[in-house]
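One structure is given below, encoded as structure tokens.
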There are 2 protein chains.
Amino acid sequence: MALRHAVLAALLDGELSGYELAKAFDLGVANFWHARPQQVYAELTRLEEDGFVAGREVVQENRPNKRLFRVTDAGLAQLQSFTAVAAKPSFIRDDLLVQVQAAGHVDTGALIERLTERAAIAREKAGLFAKLLRTMRGECTEEEFLRHGAHVGPYLTCRRGLAFEEGNREWCEHVIAVLRDRAENRAGD
Amino acid sequence: MALRHAVLAALLDGELSGYELAKAFDLGVANFWHARPQQVYAELTRLEEDGFVAGREVVQENRPNKRLFRVTDAGLAQLQSFTAVAAKPSFIRDDLLVQVQAAGHVDTGALIERLTERAAIAREKAGLFAKLLRTMRGECTEEEFLRHGAHVGPYLTCRRGLAFEEGNREWCEHVIAVLRDRAENRAGD
DNA sequence: CCATGATAGTCATGAAAATGACTAGTCAGG
DNA sequence: CCTGACTAGTCATTTTCATGACTATCATGG
């Protein structure tokens with residue numbers, strides 16, 4: 001029951017098509033949740049059945065028709081009651097951490113490769129988020145935007161995403177440095 | 001196929017009983033992964049069937065017997081090949097982010113409550129991780145430990161956990177401040 | 001003596017998420 | 001003219017996770 005609310009929350013600030021939503025959730029641009037297109041479509045269908053979103057067909061020329069969705073009052077009430085109860089704490093769950101946990105027992109070179117790849121990905125995502133933030137706040141300074149801007153929700157979640165990816169990158173780089181250092185030390189024995 | 005490797009990695013630095021493992025994964029003390037006891041037991045059973053871990057019965061007085069597990073050579077090889085392929089990037093996936101995404105459309109007071117709760121949890125977890133780190137490095141300074149200490153894997157993953165929770169706390173506090181500020185502004189209209 | 005809580009697990013069920021395969025039209029490049 | 005990429009989805013299957021309920025024994029506190 002979590003994707004449900006994520007989809008509702010994503011639809012709050014403007015109508016979107018299933019395809020747009022799906023893409024956002026797939027790339028993680030909807031930086032607060034991740035899901036595959038199939039999941040998103042399935043969830044939209046269920047949400048519409050339950051009357052939490054309403055779709056309207058938009059006929060297009062030169063490309064397939066699409067359906068734009070918006071949140072209904074019932075949907076908003078649903079979200080409201082979702083916010084009323086405590087969210088269960090989140091955990092990091094990352095294959096890369098498992099790999100690092102095994103450092104010392106597995107090939108260090110391979111590990112460093114993984115960490116380098118990940119650092120690059122993290123840097124890219126951080127850049128993307130930073131750009132998104134700039135777009136969202138437009139002309140305003142961050143302070144002004146946070147005080148008076150519309151749609152602060154997405155802005156704030158995007159900030160979390162940015163900090164997370166920066167944390168990832170820093171950690172990766174630190175681990176790489178530590179592993180390199182240890183490898184040299186051992187070579188010097 | 002991820003819990004599998006997480007369990008293997010957790011067993012690398014010493015024999016553990018199913019119960020100990022399960023507890024570690026439940027509390028997230030195995031800070032790099034989270035799973036319920038039932039999952040851990042089930043995975044241990046499968047790992048033993050596949051010959052990746054070996055259990056030995058330890059007869060105890062005054063309490064139920066337990067089984068201590070260790071990783072076999074086949075298990076280590078399995079982990080090694082797991083490390084050889086790129087880990088898929090991780091995403092944050094957090095109910096709280098969904099709730100914040102909806103800020104402006106839902107009750108701000110409730111949101112601030114959620115954020116306050118979460119900030120407290122994050123602070124607690126960060127403290128726990130910091131303590132764990134101190135225990136692991138013992139007398140050494142961090143630098144010395146990272147250079148020469150045994151079991152750096154768990155130390156490094158714990159550091160990621162610590163940074164993550166600190167990031168959580170800072171973000172929560174920042175969002176609270178922003179929401180309060182906006183509420184005051186609106187009240188002043 | 002009774003209730004708790006810790007140790008040490010097992011079983012069954014259901015919800016959520018991931019994966020792979022498929023349709024169908026448009027547009028740009030070689 | 002063919003290929004690949006983009007728009008806009010759907011269907012089916014499997015794997016993984018989460019949940020609640022259940023069995024035992026021992027130790028502790030009141």
Side-chain angles (χ1 to χ4, degrees), chain A residues 1-8 15-30 32-50 53 55-69 82 85 87-95 98, chain B residues 1-7 15-30 33-50 53 55-69 82 85 87-95 98:
Chain A
M1 303 297 236
L3 176 55
R4 194 135 250 243
H5 301 105
V7 170
L8 283 175
E15 271 183 326
L16 291 173
S17 70
Y19 184 71
E20 286 170 303
L21 264 180
K23 218 171 31 164
F25 278 92
D26 195 24
L27 302 174
V29 172
F32 62 103
W33 202 266
H34 175 259
R36 290 297 147 92
Q38 300 95 320
Q39 288 174 261
V40 176
Y41 282 117
E43 202 57 59
L44 275 174
T45 307
R46 258 169 283 163
L47 282 167
E48 199 179 17
E49 273 168 24
D50 296 345
V53 304
R56 63 186 178 92
E57 188 97 16
V58 173
V59 180
Q60 296 186 114
E61 309 237 320
N62 295 346
R63 64 191 51 205
N65 296 342
K66 64 182 173 183
R67 307 191 57 210
L68 291 185
F69 293 91
F82 170 69
V85 304
K88 46 194 132 166
S90 69
F91 300 96
I92 287 190
R93 211 177 228 194
D94 190 337
D95 285 353
V98 176
Chain B
M1 303 299 235
L3 176 55
R4 222 129 241 224
H5 300 105
V7 170
E15 271 182 329
L16 291 173
S17 71
Y19 186 70
E20 286 169 304
L21 264 180
K23 220 172 26 165
F25 277 92
D26 196 24
L27 303 175
V29 172
W33 202 265
H34 175 260
R36 291 297 147 93
Q38 299 92 323
Q39 287 174 262
V40 176
Y41 281 117
E43 201 59 59
L44 274 173
T45 308
R46 258 167 285 162
L47 281 167
E48 198 178 19
E49 273 169 22
D50 297 345
V53 305
R56 63 186 179 90
E57 187 98 16
V58 174
V59 179
Q60 296 185 116
E61 309 238 320
N62 296 346
R63 63 190 53 204
N65 295 344
K66 62 182 175 183
R67 309 191 56 209
L68 291 184
F69 293 91
F82 170 70
V85 302
K88 47 196 129 166
S90 70
F91 300 95
I92 288 191
R93 211 177 229 194
D94 190 338
D95 285 353
V98 176

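Just so you know, these numbers use all the heavy atoms, side chains as well, and skip hydrogens, waters and symmetry mates. The chains referred to below are lettered A, B, ... by the order of the sequence lines, with proteins before strands, and numbering in each begins at 1.
The shortest distance between the side-chain N/O atoms of B:Arg93 and the OP1/OP2 oxygens of C:dA18 is below 4.0 Å. For the pair A:Tyr19 and D:dG9, the criterion of a side-chain N or O lying under 4.0 Å from OP1 or OP2 is not met. Dashed line: the shortest gap from a side-chain N or O of A:Gln39 to OP1 or OP2 of C:dA18 is under 4.0 Å. In this structure, B:Arg36 reaches the D:dT19 phosphate: one of its side-chain N or O atoms is under 4.0 Å from OP1 or OP2. Contact between the side-chain N/O atoms of B:Lys23 and the OP1/OP2 oxygens of C:dT7 is found at a separation under 4.0 Å. Proximity of A:Gln38 to the phosphate of D:dT13: no side-chain N or O atom is located under 4.0 Å from OP1 or OP2.
Taking all atoms of both residues into account, the shortest heavy-atom contact from B:Ser17 to B:Lys66 is CB-CD, 4.0 Å. In terms of heavy atoms, B:Asp95 sits closest to A:Ala87 at CB-CB, 3.3 Å.
Each of B:Lys88 and B:Gly18 was assigned the nucleotide of DNA chain C with the nearest heavy atom; the assignment lying further toward the 5' end belongs to B:Gly18. Nearest-nucleotide positions on DNA chain C for A:Arg46 and B:Thr45 put B:Thr45 closer to the 5' end.
The nearest whole Å value for the distance from the CD atom in B:Glu57 to the P atom in C:dA8 is 12 Å. Atom NE2 of A:His5 and atom P of C:dA17 are 12 Å apart (whole Å). C:dA8 atom P lies 12 Å from atom CG of B:Leu21, rounded to whole Å. Spacing between atom CG of B:Leu3 and atom P of C:dA18 amounts to 15 Å, rounded to whole angstrom units. The distance from atom CZ of A:Phe25 to atom P of C:dA18 is 13 Å, rounded to the nearest whole Å. The CZ-C1' distance, from B:Arg67 to C:dT10, rounds to 13 Å in whole Å. The interatomic distance linking A:Asp26 (CG) with D:dT7 (C1') rounds to 14 Å, in whole Å. Residue A:Glu48 contributes atom CD, which lies 14 Å from atom C1' of D:dG9 at whole-angstrom precision.
Using a 4.5 Å heavy-atom cutoff, the side chains of A:Asp26 and A:Arg36 are in contact. Under the 4.5 Å side-chain criterion, counting only non-hydrogen atoms from C-beta, B:Tyr41 is in contact with B:Tyr19.
Relative to the side chain of B:Ala2, the nucleotides C:dA8, D:dC17, D:dG9 differ in distance, and D:dC17 lies closest.
Aromatic ring pairs are classed by plane angle as parallel below 30°, tilted from 30° to 60° and perpendicular above 60°; the pair A:Phe25 and A:Phe32 is perpendicular.
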